[in-house]
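Okay, so here's the structure we're looking at.
Here, residue 1 is the first one in the sequence, and each next residue gets the next number. Just so we're clear, the structure is a prediction, and the values are computed from it rather than from any experiment.
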Amino acid sequence: MQSKNLDYLIIIIMVLCGLYAALTGLVMDVLNLPMLIFHNYAGYISTILAGIHLARNWERVKIVLRRGKRILA
């Protein structure tokens, strides 16, 4: 699998897990339900994938942070 395709796959899974965790959390809160299946796991997976995504794109992240630092200064 190409590197760019892997990045897209990570982003898609991360967004889906994040949406699932947010929606199930909202439903549980509004309806006062007990913990739904995989709610915690979706949050953990989303967090881990976010870390992997940042690590894989760290050079680009540094460039963006440097630009922001110059703009704010």
Side-chain angles (χ1 to χ4, degrees):
M1 181 178 288
Q2 292 180 356
S3 180
K4 194 168 202 121
N5 289 342
L6 182 59
D7 283 340
Y8 289 138
L9 180 64
I10 289 172
I11 291 169
I12 289 169
I13 295 171
M14 184 173 48
V15 168
L16 290 175
C17 286
L19 284 174
Y20 177 81
L23 290 175
T24 56
L26 183 63
V27 168
M28 288 185 306
D29 187 46
V30 169
L31 299 178
N32 201 17
L33 295 173
M35 189 68 67
L36 293 175
I37 298 174
F38 301 121
H39 172 78
N40 286 342
Y41 297 125
Y44 297 144
I45 291 169
S46 196
T47 302
I48 290 167
L49 288 174
I52 292 170
H53 177 69
L54 284 174
R56 289 181 51 82
N57 296 292
W58 187 244
E59 292 303 317
R60 286 193 270 177
V61 171
K62 287 194 307 189
I63 291 169
V64 170
L65 291 175
R66 278 191 214 126
R67 283 186 193 156
K69 194 177 194 181
R70 274 188 254 141
I71 291 171
L72 293 175

Check: Do the side chains of Leu23 and Leu49 join up, straight or via other hydrophobic residues, at under 4.5 Å, putting them in one cluster?
Finding: no
Check: Would Asn5 and Leu9 satisfy side-chain contact (heavy atoms from CB on, under 4.5 Å), going step by step from the backbone distance to the final call?
Finding: CA-CA 6 Å; Asn5 289 342; Leu9 180 64; over 6 Å; no
Without placing hydrogens or testing angles, list every side-chain donor-acceptor pair under 3.5 Å for residues 55-63, not counting sequence neighbours.
{"residue": "Arg56", "atom": "NE", "partner": "Asp7", "partner atom": "OD1", "Å": "2.8"}
{"residue": "Arg56", "atom": "NH2", "partner": "Ser3", "partner atom": "O", "Å": "3.3"}
{"residue": "Arg56", "atom": "NH2", "partner": "Ser3", "partner atom": "OG", "Å": "2.9"}
{"residue": "Arg56", "atom": "NH2", "partner": "Asp7", "partner atom": "OD1", "Å": "3.4"}
{"residue": "Asn57", "atom": "OD1", "partner": "Arg60", "partner atom": "NH2", "Å": "2.4"}
{"residue": "Asn57", "atom": "ND2", "partner": "His53", "partner atom": "O", "Å": "2.9"}
{"residue": "Asn57", "atom": "ND2", "partner": "His53", "partner atom": "ND1", "Å": "3.3"}
{"residue": "Glu59", "atom": "OE2", "partner": "Lys62", "partner atom": "NZ", "Å": "3.4"}

Next item on the list: Look at the side-chain heavy atoms of Ile, Leu, Val, Met, Phe, Trp and Tyr, link any pair under 4.5 Å apart, and say whether Leu16 and Ile45 land in one connected group.
Entry: no
Note to self: Assigning hydrophobic clusters by single linkage (Ile, Leu, Val, Met, Phe, Trp, Tyr; side-chain heavy-atom cutoff under 4.5 Å), is Ile48 placed with Ile12?
What the structure shows: no
Side-chain donor-acceptor pairs of residues 27-41 under 3.5 Å, sequence neighbours excluded:
{"residue": "His39", "atom": "ND1", "partner": "Ala21", "partner atom": "O", "Å": "3.3"}
{"residue": "His39", "atom": "ND1", "partner": "Thr24", "partner atom": "OG1", "Å": "2.5"}

Notebook entry, point to check: Is Tyr8 reachable from Met14 through a run of I, L, V, M, F, W or Y residues, each pair having side-chain heavy atoms under 4.5 Å apart?
Noted result: no
